[in-house]
Amino acid sequence: MVASELFYLPADADEDIVVQIVAHRGYSGAYPENTLSAFAGAYACGAKTVEFDVRKTKDGELVIYHDDTLEKLTGDRTTIADHTYEELLQLDAGDWFDKEYKCERIPTLDQTLNLLSSTNMRVFCELKDIGEDPAFAKQVYEKCAQYNMLNRIIFLSFNYDYLTAIKDINPYQPIMVLASFGKSTLPTKYPAEYYGVNMKTLTPKTIKAIHDNGGKVYSYAPQSKGQMLSLQRLGVDGVITDFADMSAL
């Protein structure tokens, strides 16, 4: 049985959410994703953990952006890597979401860590798969180290090579393997402390396999309280969701 078959709970189900809530790309249900506004909004609504995505510009700046292309902002299919950071500063990262956030900019990793370092939130730092770049993982790790935040950061990626590069630098740094398919072989094939699995493919067998190997399971990305409760009943340790504020659901 897959998780999608268990999503029978109504959104107003009379049950508390007790698993950890991770603010996906910040509080992206109410603010433009992966912006300083979204991160501040996550903190303001009481989120204990925030997630964001790191990419690299043409001139080597580490910036926060999710999509493979800039189509959402510009209408074209150029990428972060096609532009210098100065060129990206000309783009509006908030207007597509709501006119209220017009003139929001794509933040750097520096700006994001500077903001979050003043909070007590845990951080899920996802390294987007930007291809062959031996320096990428080390650069992200070292930037996080500059802000003395490594003790509350978990590094995530679909690219396991990036995660092993992090482990080569610091074997004690926790990592999260991201997976589109929740196979029960994940913990033996890709050793890690955490696993982020697509909720549509997550099964009790996979959760048990991960727990039996000492790992924790986070599922992405439920869009309602009912889905979160169903994942909670399935046995996950946390959910990565756009809706960090439970009272708004």
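The figures that follow rest on heavy atoms only: side chains count, while hydrogens, waters and symmetry mates do not. Position 1 is the first residue of the sequence; numbering continues from there.
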A.B. asks: Under 4.0 Å between a side-chain nitrogen and a carboxylate oxygen: does that hold for Lys58 and Asp82?
C.D. replies: no
A.B. asks: If we ignore hydrogens and angles and just use 3.5 Å, is the side chain of Gln173 paired with the main-chain N or O of Ile169 as donor and acceptor?
C.D. replies: no
A.B. asks: Hydrophobic clustering (ILVMFWY, side-chain heavy atoms < 4.5 Å, transitive) - are Phe155 and Ile64 grouped together?
C.D. replies: yes
A.B. asks: Can you see which heavy atom on Ala209 is nearest to which on Ser184, and at what distance?
C.D. replies: CB-O, 3.4 Å
A.B. asks: Does Tyr172 offer a backbone N or O that forms a donor-acceptor pair with the side chain of Lys167 under 3.5 Å?
C.D. replies: no
A.B. asks: Is there a path of hydrophobic side-chain contacts, each under 4.5 Å between heavy atoms of I/L/V/M/F/W/Y residues, joining Val239 to Met121?
C.D. replies: yes
A.B. asks: Quick one: does Arg55's side chain have a donor or acceptor within less than 3.5 Å of a partner on Ile130's backbone?
C.D. replies: no
A.B. asks: When rounded to the nearest 0.5 angstrom, what distance separates OG1 in Thr201 from CZ in Phe181?
C.D. replies: 7.0 Å
A.B. asks: Quick check on the hydrophobic clustering: are Met199 and Ile240 connected, directly or via other members, by side-chain heavy-atom contacts under 4.5 Å?
C.D. replies: no
A.B. asks: Are Leu234 and Tyr194 linked, directly or through other ILVMFWY residues, by side chains that come within less than 4.5 angstrom of each other?
C.D. replies: no
A.B. asks: Walk me through whether Ile175 and Leu156 qualify under side-chain contact (heavy atoms from CB on, under 4.5 Å).
C.D. replies: CA-CA 6 Å; Ile175 58 172; Leu156 298 61; over 6 Å; no
A.B. asks: Mind listing the closest non-hydrogen atom pair of Tyr43 and Asn120 along with its distance?
C.D. replies: CE1-OD1, 4.0 Å
A.B. asks: Tell me if the centroids of the rings in Tyr101 and Tyr31 come within less than 6.0 Å of each other.
C.D. replies: yes
A.B. asks: Going hydrophobic residue to hydrophobic residue with side-chain gaps under 4.5 angstrom, can you get from Leu178 over to Val22?
C.D. replies: yes
A.B. asks: I would like to know whether Leu150 and Tyr141 meet side-chain contact (heavy atoms from CB on, under 4.5 Å); could you show each step before the answer?
C.D. replies: CA-CA 8 Å; Leu150 292 175; Tyr141 179 90; 3.3 Å; yes
A.B. asks: Ignoring hydrogens and geometry, is there a side-chain-to-backbone donor-acceptor pair from Ser157 to Tyr160 under 3.5 Å?
C.D. replies: no
A.B. asks: Between OG1 of Thr112 and OH of Tyr147, what distance do you get to the nearest 0.5 Å?
C.D. replies: 9.0 Å
A.B. asks: Using 0.5 Å steps for rounding, measure from the OG1 atom of Thr57 to the CD atom of Glu86.
C.D. replies: 10.0 Å
A.B. asks: I would like to know whether Lys72 and Glu33 meet side-chain contact (heavy atoms from CB on, under 4.5 Å); could you show each step before the answer?
C.D. replies: CA-CA 11 Å; Lys72 183 182 292 179; Glu33 64 182 41; 3.2 Å; yes
A.B. asks: Under a 4.0 Å threshold between the charged nitrogen and the carboxylate oxygen, would Lys102 count as salt-bridged to Glu100?
C.D. replies: no
A.B. asks: What distance separates Gln139 CD from Leu127 CG, expressed to the nearest 0.5 Å?
C.D. replies: 10.5 Å
A.B. asks: Shortest non-hydrogen contact from Cys45 to Tyr27?
C.D. replies: SG-CD1, 4.0 Å
A.B. asks: State whether the number of non-hydrogen atoms from other residues, nucleotides or ligands found under 6.0 Å of Lys189 atom NZ is greater than 12.
C.D. replies: no
A.B. asks: Using a 3.5 Å distance criterion without hydrogens, assess whether the side chain of Thr119 forms a donor-acceptor pair with backbone atoms of Leu116.
C.D. replies: yes
A.B. asks: Any side-chain heavy atom of Lys205 within less than 4.5 Å of one from Ile210?
C.D. replies: no
A.B. asks: For the rings on Phe136 and Tyr162, is their centre-to-centre separation under 6.0 Å?
C.D. replies: yes
A.B. asks: Spell out, as yes or no, whether a donor-acceptor pair under 3.5 Å connects the side chain of Gln232 to the backbone of Asp16.
C.D. replies: yes
A.B. asks: Find out whether Asn198 and Tyr220 are in side-chain contact, i.e. whether some heavy atom of one side chain is under 4.5 Å from a heavy atom of the other.
C.D. replies: yes
A.B. asks: I want to check something: taking the side chain as every heavy atom from C-beta on, are Ile154 and Val123 in contact at a cut-off of under 4.5 Å?
C.D. replies: no
A.B. asks: Is it the case that the side chain of Gln227 and the backbone of Gln223 share a donor-acceptor pair, with hydrogens and angles ignored and the cut-off at 3.5 Å?
C.D. replies: yes
A.B. asks: Quick check: does any side chain N or O of Asp76 sit under 3.5 Å from a backbone N or O of Thr78, one acting as donor and the other as acceptor?
C.D. replies: yes
A.B. asks: Is the shortest side-chain heavy-atom distance between Leu73 and Asp92 below 4.5 Å?
C.D. replies: no
A.B. asks: Quick one: closest heavy-atom pair of Val197 and Gly182, and the distance?
C.D. replies: CG1-CA, 3.5 Å
A.B. asks: Would you call the rings of Tyr218 and Phe124 parallel, tilted or perpendicular, where under 30° means parallel and over 60° means perpendicular?
C.D. replies: perpendicular
A.B. asks: Got a salt bridge between Lys56 and Asp133, using NZ or NE/NH1/NH2 to carboxylate O under 4.0 Å?
C.D. replies: yes
A.B. asks: Between Thr203 and Thr206, does a side-chain hydrogen bond (donor to acceptor under 3.5 Å, both in side chains) hold up when you go through it step by step?
C.D. replies: CA-CA 5 Å; Thr203 67; Thr206 298; 3.2 Å; yes
A.B. asks: Taking atom CD of Glu126 and atom CG of Asn159, what is their separation to the nearest 0.5 Å?
C.D. replies: 10.5 Å
A.B. asks: Apply salt bridge (Lys or Arg N to Asp or Glu O under 4.0 Å) to Asp110 and Lys143, showing your working.
C.D. replies: CA-CA 7 Å; Asp110 258 314; Lys143 182 62 65 177; 3.0 Å; yes
A.B. asks: Give a yes or no on whether a salt bridge exists between Glu51 and Arg122, defined as a side-chain N under 4.0 angstrom from a carboxylate O.
C.D. replies: no
A.B. asks: Quick check, are the ring centers of Tyr195 and Tyr190 under 6.0 angstrom apart?
C.D. replies: no
A.B. asks: Minimum heavy-atom separation for Asn34 to Asp53, with atom names?
C.D. replies: ND2-OD2, 2.9 Å
A.B. asks: Is the shortest heavy-atom distance from the side chain of Thr108 to the side chain of Leu113 under 4.5 Å?
C.D. replies: no
A.B. asks: So do the side chains of Val19 and Met228 get within less than 4.5 Å of each other, counting heavy atoms only?
C.D. replies: no
A.B. asks: For the CD atom of Glu104 and the CG atom of Asp98, what is their distance to the nearest 0.5 Å?
C.D. replies: 11.5 Å
A.B. asks: Please determine which of Ile153, Ile166, Val54 meets the side chain to side chain contact (heavy atoms under 4.5 Å, CB included) test together with Val140.
C.D. replies: Val54
A.B. asks: Working note: Asp95 + Lys99, criterion side-chain contact (heavy atoms from CB on, under 4.5 Å); need CA distance, chi angles, decisive distance, verdict.
C.D. replies: CA-CA 5 Å; Asp95 186 63; Lys99 296 296 182 184; 3.1 Å; yes
A.B. asks: So does Asp59 get a backbone contact from the side chain of Glu61, meaning a donor-acceptor N/O pair under 3.5 Å?
C.D. replies: no
A.B. asks: Flag the pair Asp68 / Thr79 as yes when at least one side-chain heavy-atom distance between them is below 4.5 Å, and no otherwise.
C.D. replies: no
A.B. asks: Should Ser180 and Phe158 count as side-chain neighbours, where that means a heavy-atom distance under 4.5 Å?
C.D. replies: yes
A.B. asks: Quick check: closest heavy atoms across Ala192 and Val177, and the distance to 0.1 Å?
C.D. replies: CB-CG2, 3.6 Å
A.B. asks: Any donor and acceptor pair, going by atom type alone, linking the side chain of Thr241 with main-chain N or O of Ala244 inside 3.5 Å?
C.D. replies: no
